[in-house]
There are 2 protein chains.
Amino acid sequence: MPVPLYQAKAEFFRTLGHPVRIRVLELLQEGPRPVHELLADIGVEASNLSQQLAVLRRTGLVVSHREGNVVRYELSAPQVGDLLRAARTILTSMLVDQGELLAELREAEREGQR
Amino acid sequence: MPVPLYQAKAEFFRTLGHPVRIRVLELLQEGPRPVHELLADIGVEASNLSQQLAVLRRTGLVVSHREGNVVRYELSAPQVGDLLRAARTILTSMLVDQGELLAELREAEREGQR
DNA sequence: TATGAACATGAAAAATTCTTCAAATCAAGA
DNA sequence: TCTTGATTTGAAGAATTTTTCATGTTCATA
């Protein structure tokens, strides 16, 4: 009973769909990091971060290993960077469009006020 | 009060994180399509599809226009294709890894049984 | 203008996901 | 061994998202 591909994709995107998880992935693009460092950069409760890390671990996007007192995380799929970049491209172009729309709306409003 | 970028990204990915929405986007990559055609390809209730289309419209990923009796949808950001492709790459490589893992587990099990 | 097909919408119930809190684990050092 | 810092875990309640159903719209055509 293989999970249909489109469902696997949906699950994959859904795991990217959380602000803390996105920040973690972006930080990890620069290289492996211990939890306490992530914790310092992203300002959330330790247990909350831990829960999100668990989500990323389950999907296999990151792996962790303990080094003494500290647990270090890293991306397991380096291509994640490409994905985030592609997303950024779309997103900025969409935000630009929205910005233009917004500008037009404001313009229209000014016109109306005369 | 601009929405922090990482939050915008998370929202963006979350809208991709639904099987019906993914299928819609993939179908629309091949070109514009009327709702009833999407409906035939994806087998869900009409109102359900409609709700998901509404989500995609709100995020600005698709646009629709009525042509007589029919409403035609299309991708508003053609780069969505790139994104889906990047995702597919990661996903398949991850699935392959999992497949290997699975194979090892089965192997280990066989070993154990001897 | 009455009817029907194609879609959309609003709202409530059902299902998932998030956040938070208390408690547990693990390794290092006193 | 006791303590402490680092991190994880389980569970419960809060918040969001999905699904579903009934009802609207819109346009074409009889």
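Labels below follow one simple rule: chain letters A, B, ... track the order of the sequence lines, proteins then strands, and each chain is numbered from 1. Just so it is clear, the model here is predicted, and its values are computed rather than measured.
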Can you name the closest pair of heavy atoms from A/Leu75 and A/Leu25 and give their distance?
-> CD2-CD2, 3.6 Å
Can you list the residues that meet the side-chain hydrogen bond (donor to acceptor under 3.5 Å, both in side chains) rule with A/Arg21, with sequence neighbours excluded?
-> A/Gln52
Kindly state which residues belonging to residues 30-44 of chain B come within less than 4.0 angstrom of DNA chain C, counting heavy atoms of the residue only, listed by number.
-> B/Val35, B/His36
Footprint string (nucleotides 24-30 of chain C, 5' to 3'): B base within contact, S backbone only, - free, heavy atoms under 4.0 Å = --BSS--
Phosphate OP1/OP2 of C/dA8: any B/Tyr73 side-chain N/O under 4.0 Å = yes
Whole-Å gap separating P (D/dT18) and CD (B/Gln52) | 6 Å
Are A/Val44 and A/Val71 co-members of a hydrophobic cluster defined by side-chain heavy atoms under 4.5 Å apart?
-> yes
With sugar-phosphate meaning primed atoms plus P, OP1 and OP2, does B/Arg57 contact a base, only sugar-phosphate, or nothing at under 4.0 Å between heavy atoms?
-> sugar-phosphate
Here the distance between atom P of D/dT7 and atom CG of A/Leu56, to the nearest Å, is 16 Å
Does A/Ser50 or B/Val55 map to a spot on DNA chain D nearer the 5' end, using the closest nucleotide for each?
-> A/Ser50
Could you list all N or O pairs between the protein and nucleotides 13-17 of chain C that sit under 3.5 Å apart?
none

Taking atom P of D/dC27 as reference, at what distance in whole Å does atom NE2 of B/His65 sit?
-> 15 Å
Give every pair of a protein N or O atom and an N or O atom of nucleotides 20-23 of chain C that lie under 3.5 Å apart, one pair per line with the distance.
{"residue": "C/dT20", "atom": "O4", "partner": "A/Gln51", "partner atom": "NE2", "Å": "3.0"}
{"residue": "C/dC21", "atom": "OP2", "partner": "A/Glu45", "partner atom": "OE2", "Å": "3.4"}
{"residue": "C/dC21", "atom": "N4", "partner": "A/Ser47", "partner atom": "OG", "Å": "3.2"}

Of all heavy-atom pairs between B/Ala10 and A/Pro19, which one has the smallest distance, and what is that distance?
-> CB-N, 3.4 Å
Can you give each donor-acceptor pair under 3.5 Å made by side-chain atoms of residues 77-91 of chain A, sequence neighbours left out, with the distance rounded to 0.1 Å?
{"residue": "A/Asp82", "atom": "OD1", "partner": "A/Arg85", "partner atom": "NH2", "Å": "3.2"}
{"residue": "A/Thr89", "atom": "OG1", "partner": "A/Arg85", "partner atom": "O", "Å": "3.1"}

Would you be so kind as to tabulate the donor-acceptor pairs closer than 3.5 Å made by side chains of residues 27-40 of chain A, with sequence neighbours excluded?
{"residue": "A/Glu30", "atom": "OE1", "partner": "A/Arg33", "partner atom": "NH2", "Å": "2.9"}
{"residue": "A/Arg33", "atom": "NH1", "partner": "A/Glu37", "partner atom": "OE2", "Å": "3.0"}
{"residue": "A/Arg33", "atom": "NH1", "partner": "A/Asp41", "partner atom": "OD2", "Å": "3.4"}

Could you tabulate the donor-acceptor pairs under 3.5 Å formed by side-chain atoms of residues 55-62 of chain A, not counting sequence neighbours?
{"residue": "A/Arg57", "atom": "NE", "partner": "A/Tyr73", "partner atom": "OH", "Å": "3.1"}
{"residue": "A/Arg57", "atom": "NH2", "partner": "A/Tyr73", "partner atom": "OH", "Å": "3.3"}
{"residue": "A/Thr59", "atom": "OG1", "partner": "A/Val55", "partner atom": "O", "Å": "2.6"}
{"residue": "A/Thr59", "atom": "OG1", "partner": "A/Leu56", "partner atom": "O", "Å": "3.3"}

Pairing residues for B/Arg72 by the salt bridge (Lys or Arg N to Asp or Glu O under 4.0 Å) criterion, not counting sequence neighbours | B/Glu67
Spacing of A/Arg23 atom CZ and A/His18 atom NE2 [to the nearest 0.5 Å] = 12.0 Å
If two hydrophobic side chains count as joined below 4.5 Å and joins carry through other members, does B/Leu5 share a cluster with A/Leu16?
-> yes
